[in-house]
Amino acid sequence: DLRALNQRLQREIAERERMQQSLEVAEHSLAQSSKLAALGEMSAAVSHELNQPLAAMKTYLAGARLLLQRKRSEEALSSFQRIDDLIGRMGAITRQLKSYARKGEEAFEPLDMREAVSEALAMMEPQLKSRRVAINRTMPAAPVLVLCDRLRLEQVFINLFRNAIDATKDSDEPQIELILSAGENAIMSVHDNGHGIADLESLFEPFYTTKQPGDGVGLGLAISSGIINDFGGRLTAWNAPDGGAVFEVQLPILKSGQEAAE
Ligand code: ADP
């Protein structure tokens with residue numbers, strides 16, 4: 001009896017060891033495939049963030065060439081300055097991507113949201129020139145201070161503006177209304193008169209896009225809402241009753257006491 005029991009125990013131990021091994025193999029391959037998925041997502045994110053300044057640089061470069069041919073070198077020089085700024089921006093973006101690996105090193109600083117909006121609009125200038133879109137801006141007279149990383153907040157605005165411009169492609173009188181208000185929270189709303197949001201459920205999911213391959217990868221809003229969450233705020237969206245989409249960025253207002261403590 002004892003021997004039989006012993007043999008059964010041995011078999012059970014062997015069986016358990018086999019299961020343990022196959023579990024380890026499964027865990028290993030799961031870790032490998034999630035690394036690959038993360039790598040894929042990361043590559044898409046990198047090209048997404050760099051394509052915007054690259055496209056702007058291409059436009060400025062073409063402009064500078066034309067100006068030089070027409071011997072308007074002063075104006076060409078200012079195009080070169082813009083290109084220089086964009087290169088600086090791309091450097092900042094890659095630095096930032098590197099810092100993802102060491103989270104927590106973000107440059108959080110008190111900043112005026114009105115300035116972030118202006119800077120983001122300046123980045124969109126080439127696209128805005130090639131399309132006729134009316135932009136109405138309503139900003140408070142006083143600074144609207146929030147605590148966040150300037151570059152990443154501008155990235156969010158650029159994404160929202162670019163989406164709004166894309167959405168109004170077929171509108172008769174394309175129009176984007178930007179309203180910044182400061183109460184309990186700083187609220188920046190972007191309202192376009194485009195085709196509206198087709199699927200509110202999937203809107204913020206990574207890789208959800210209704211654009212043609214090459215025009216969009218569907219990461220902009222996923223990244224943007226992650227950024228705003230990191231800043232302690234939220235990004236929401238809905239279809240306006242009078243048509244078009246509304247995107248709203250809410251961020252906690254930085255009180256002057258807090259600002260002094262910074
Ligand atoms: P991408 O722009 O690369 O598609 P986003 O994450 O920025 O990625 O946007 C995802 C999708 O959300 C878009 O493809 C579009 O279908 C929808 N969307 C975003 N902004 C708007 C908008 N202003 N109006 C209508 N639909 C929008």
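As the structure lists them, so they are numbered: ligands from 1, and atoms in each ligand from 1.
With hydrogens and angles ignored, the 3.5 Å screen pairs a side-chain donor or acceptor of N193 with a backbone N or O of Q175. Side-chain N or O atoms of R82 include none that pairs as donor or acceptor with a backbone N or O of Y60 at under 3.5 Å. The closest donor-acceptor contact from the side chain of T209 to the backbone of K211 lies under 3.5 Å. Within the 3.5 Å criterion, the main-chain N or O of Q250 finds no donor-acceptor partner in the side chain of N185. In this structure a side-chain-to-backbone donor-acceptor pair under 3.5 Å is present from S22 to M19.
Scanning the protein heavy atoms around atom 10 (C) of ligand 1, the nearest turns out to be Y208 O, 3.2 Å. Looking from atom 27 (C) of ligand 1 to the surrounding protein, the closest heavy atom is I197 CG1, 4.3 Å. Nearest non-hydrogen protein atom to atom 1 (P) of ligand 1 is G218 N, 3.6 Å. Among protein heavy atoms, the minimum distance from atom 24 (N) of ligand 1 is reached at A167 CB, 3.4 Å. For atom 21 (C) of ligand 1, the closest heavy atom belonging to the protein is F247 CE1, 3.8 Å. Counting only heavy atoms of the protein, atom 20 (N) of ligand 1 lies nearest to N163 CB, 3.2 Å. In this structure, the protein non-hydrogen atom closest to atom 6 (O) of ligand 1 is L221 N, 2.8 Å. Nearest non-hydrogen protein atom to atom 23 (N) of ligand 1 is D192 OD2, 2.8 Å.
Neither the backbone nor the side chain of V190 comes within 4.0 Å of ligand 1, counting heavy atoms alone. Heavy atoms of F204 found under 4.0 angstrom from ligand 1: none, in either backbone or side chain.
Around atom CD of E201, no more than 12 heavy atoms belonging to other residues, nucleotides or ligands sit under 6.0 Å away. More than 12 heavy atoms of other residues, nucleotides or ligands sit less than 6.0 Å from atom CG of N136.
Under the 4.5 Å side-chain heavy-atom criterion for Ile, Leu, Val, Met, Phe, Trp and Tyr, I223 and L54 are members of the same hydrophobic cluster.
I227 is not listed as a side-chain neighbour of L153, based on a closest heavy-atom distance of 4.5 Å or more.
The contact set between ligand 1 and T209, taken as ligand atoms under 4.0 Å from a residue heavy atom, comprises 1 (P), 4 (O), 14 (O). The atoms of ligand 1 that sit less than 4.0 Å from any heavy atom of T210 are 13 (C), 14 (O), 15 (C), 16 (O). Annotation for ligand 1: atoms under 4.0 Å from non-hydrogen atoms of A245 are 22 (C), 23 (N), 24 (N). Close approach of ligand 1 to G196 is summarised as follows: ligand atoms under 4.0 Å from at least one heavy atom of the residue are 25 (C), 26 (N). The R162 neighbourhood of ligand 1 comprises atoms 2 (O), with distances under 4.0 Å to a heavy atom of that residue.
Side chains of S225 and R234: no donor on one and acceptor on the other come within 3.5 Å. Judged by distance alone, the side chains of N159 and S224 do bring a donor and an acceptor atom under 3.5 Å apart.
Using 4.0 Å as the threshold, N159 has no heavy atom nearer than that to any atom of ligand 1. Every heavy atom of A198 sits 4.0 Å or more from the atoms of ligand 1.
Centroid-to-centroid, the aromatic rings of F231 and F108 come within less than 6.0 Å.
Across the listed options I165, N239, L203, L203 owns the non-hydrogen atom lying nearest to atom 18 (N) of ligand 1.
Not one N or O of H195 is nearer than 3.5 Å to an N or O of ligand 1, by distance alone. Checked by distance only, ligand 1 and K211 come closer than 3.5 Å through their nitrogen or oxygen atoms.
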